[in-house]
Amino acid sequence: MTLPATPAANAAAALDVEVFDLDRPQKRTWLLEGLNRLTRHHRVQCAPYARILDGLWPADDAASLEEVPWLPVRMFKLLDLKSIADDKVSRTLVSSGTTGTAVSRIFLDADTARAQARALTRIFSHFAGAKRLRMLVVDDSSFLRDRSRFNARAAGILGFSNFGRDHLYLLDEDLQPDWTALERWLQAQPDEPVLLFGFTFIVWQSFVQAARGHGRQIRFPAGSMLVHGGGWKKMDEQKVDNTAYKVALSQTFGIERVHNYYGMVEQVGSIFFECEHGDLHAPAYADVIVRDLQDLHPVPNGTTGAIQVLSLLPESYPGHSLLTEDLGVIHGEDDCACGRPGKHFAVLGRIKNVEIRGCSDTRTVPNA
């Protein structure tokens, strides 16, 4: 394809390309120009970020994606990093922490928030299609009544709920399922495929395990699909991997389409969606690099290390290049069996001896 003349002139322009339509040379050119522009933009607009760059990355532009300056995600717990005036902040995403720990604060203006929402829609539609299905949310709806509990779990549910209709929230505030309500809901349109959404461990504990424990025999219509995300730490503790998770959904409910996604509050919208062959995929306006845990140099594909995430969307805060606290491995590039170009990879868990925080544990604070 021919790239637009001014790639990634802003967050909206970053979405001018199709979700998966760039091979390696095109994508590296596209991303590098856009990421360098963002680095320059944030250097001018965010003084703390400029000081970090001056101390660690004095060069004006990176010569490759691997040289783009990055911030550890933990920096958002230590500093208020924003590249917009206070009166332009339309939403603040705040990560939750245990008592006494700092929280991340991510500042969005209206344009960045719109670009993130549009990106999520485009990625989801690529995998699931544009048709809005009846939607089962494997969670409770109490956050809709009490915005003081509006966390990232709630934000994720509200974001994905835009892709469904005729919503049913399965769980009560104690995360207990209402099986009777579900059976009635399914009987109303027994042949209509269903979109299910929930967070990985909640789906496992309050849906799969609960159904098995109560001896429930519930079958979803053909074509139904579950989308789930969130940390795997609790799943790892129960010795349940991605394959076992999918088998359980198939055996318990007849759900054959199960897609995991990887994302974080620090880069909302730039989610990495799991394909039919079980790999996470980087869309055209985002990418991943894996770095050695000791010296932080990029490692070859197939080598485990710390995940760095790149995105063209963060216009209102310097979150375009972040070193996460997650372990991962890149399986390849432009060679996944699903046929989608770009890097395909797996997340292997948290790096040991770092503070645990999950993408499900954030809340949105309205701008004062």
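These figures come from a predicted structure and were not determined experimentally.
- In this structure, D140 and L175 have side chains that are in contact, with non-hydrogen atoms separated by less than 4.5 Å.
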Practice prompt. Check the pair S104 / K77 against side chain to side chain contact (heavy atoms under 4.5 Å, CB included), numbers first and verdict last.
Written response: CA-CA 4 Å; S104 296; K77 295 178 181 290; 3.4 Å; yes
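- Pairing each heavy atom of P69 with each of Y49, the nearest pair is CB-OH, 4.4 Å.
- The CG atom of L136 lies 12.0 Å from the CZ atom of F197; values are rounded to the nearest 0.5 Å.
- Rounded to the nearest 0.5 angstrom, L32 CG and E67 CD are separated by 9.0 Å.
- With salt bridges taken as basic N to acidic carboxylate O contacts below 4.0 Å, one links R37 and E315.
- In this structure, Y261 has its ring center closer than 6.0 angstrom to the ring center of F160.
- A salt bridge does not link R257 to E276: none of the charged nitrogens lies less than 4.0 Å from a carboxylate oxygen.
- The main-chain N or O of V288 is found under 3.5 Å from a side-chain atom of K343 such that the two form a donor-acceptor pair.
- When atom types are taken as modelled, the side chain of W185 and the backbone of L170 share no donor-acceptor pair closer than 3.5 angstrom.
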Output a table of donor-acceptor pairs, distance under 3.5 Å, between side-chain atoms of residues 209-217 and any protein atom two or more places apart or on a different chain; print 'none' if there are none.
unit_1	atom_1	unit_2	atom_2	d
R212	NE	T252	OG1	3.3
H214	ND1	A210	O	2.8
R216	NH1	E183	OE2	3.2

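- Between I157 and F199, the closest side-chain pair of non-hydrogen atoms falls below 4.5 Å.
- With F272 as the partner, the ring-ring contact (aromatic ring centres under 6.0 Å, His included) test is satisfied by one option alone out of F20, Y285, F345: F345.
- Atom CG of L226 and atom CZ of F220 lie 9.0 Å apart (nearest 0.5 Å).
- In K234, the NZ atom is not crowded: 12 or fewer heavy atoms of neighbouring residues, nucleotides or ligands sit closer than 6.0 Å.
- The shortest side-chain heavy-atom distance between V227 and F124 falls under the 4.5 Å cut-off.
- For L168 against A181, the heavy-atom pair with the smallest separation is CD2-O, 4.0 Å.
- The aromatic ring centroids of F207 and F253 lie less than 6.0 Å from each other.
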Discussion item. Quick one, H344 with C275, criterion side chain to side chain contact (heavy atoms under 4.5 Å, CB included). Give me CA distance, side-chain angles, the key distance, then yes/no.
Written reply: CA-CA 9 Å; H344 52 106; C275 75; over 6 Å; no
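- Between M225 and P193 there is no side-chain heavy-atom pair separated by less than 4.5 Å.
- Contact of the C338 side chain with the H281 side chain is registered, since non-hydrogen atoms from C-beta on lie closer than 4.5 Å.
- Side-chain atoms of D335 come within 3.5 Å of backbone N or O of E333 as a donor-acceptor pair.
- Here CG of N242 is found 8.5 Å from OG1 of T200. Values are rounded to the nearest 0.5 Å.
- When side chains are defined from C-beta on, L81 counts as touching L71, because their heavy atoms get closer than 4.5 Å.
- The backbone N or O of V89 sits nowhere less than 3.5 Å from a side-chain atom of D109 that would complete a donor-acceptor pair.
- Taken to the nearest 0.5 Å, the CZ atom of R28 stands 11.0 Å off from the CG atom of L35.
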Fill in: Stepwise side chain to side chain contact (heavy atoms under 4.5 Å, CB included) test for Q45 and K82
CA-CA 8 Å; Q45 300 297 331; K82 59 180 179 292; over 6 Å; no
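- The environment of Q294 atom CD is sparse: at most 12 non-hydrogen atoms of other residues, nucleotides or ligands sit within 6.0 angstrom.
- Considering every non-hydrogen atom in both I123 and P283, the closest pair reads CD1-CG, 4.0 Å.
- The side chain to side chain contact (heavy atoms under 4.5 Å, CB included) test with L323 is passed by exactly one of V73, I289, L296: L296.
- Under the 4.0 Å criterion applied to side-chain N and carboxylate O atoms, D80 and R105 are assigned as salt-bridge partners.
- Of the inter-residue distances, the one linking L322 atom CG with Q267 atom CD reads 4.5 Å to the nearest 0.5 angstrom.
- Here the options are F273, F201, Y245, the test is ring-ring contact (aromatic ring centres under 6.0 Å, His included), and the partner is H228; only Y245 passes.
- Using a distance-only test at 3.5 Å, with no hydrogens or angles considered, a donor-acceptor pair links the side chain of S90 to the main chain of L108.
- Side-chain contact check for W57 versus T39: every heavy-atom pair is 4.5 Å or farther apart.
- With hydrogens and angles ignored, the 3.5 Å screen pairs no side-chain donor or acceptor of H331 with any backbone N or O of D279.
- Looking only at distances, no side-chain donor or acceptor of E66 sits under 3.5 Å from a matching main-chain atom of P298.
- Paired with E192 under the rule salt bridge (Lys or Arg N to Asp or Glu O under 4.0 Å), one option of R134, R132, R165 passes, and it is R165.
- Under the 3.5 Å distance criterion, the side-chain polar atoms of S316 are left unmatched by any main-chain donor or acceptor of I84.
- In this structure, the side chain of T92 does not engage the main chain of I106 through any donor-acceptor pair within 3.5 Å.
- Of all heavy-atom pairs between D139 and I202, the closest is OD2-CD1, 3.8 Å.
- Clustering ILVMFWY residues whenever any of their side-chain heavy atoms sit less than 4.5 angstrom apart, transitively, puts L196 in a cluster other than the one holding V247.
- In terms of heavy-atom proximity, G254 sits nearest to R219 at CA-NH2, 3.2 Å.
- In terms of hydrophobic clustering, with Ile, Leu, Val, Met, Phe, Trp and Tyr side chains grouped at heavy-atom distances under 4.5 Å, Y317 and V44 are assigned to different clusters.
- In terms of heavy atoms, V194 sits closest to S224 at N-OG, 3.0 Å.
- Contact check for R340 versus F127: side-chain heavy atoms found under the 4.5 Å cut-off.
- K27 places a side-chain N or O within 3.5 Å of a backbone atom of A286 that can act as its donor or acceptor partner.
- Under 4.0 Å is where a charged nitrogen must lie from a carboxylate oxygen, and between D54 and R51 no such pair does.
- Taking a cutoff of 4.0 Å between a charged side-chain nitrogen and a carboxylate oxygen, E266 and R74 do not qualify as a salt bridge.
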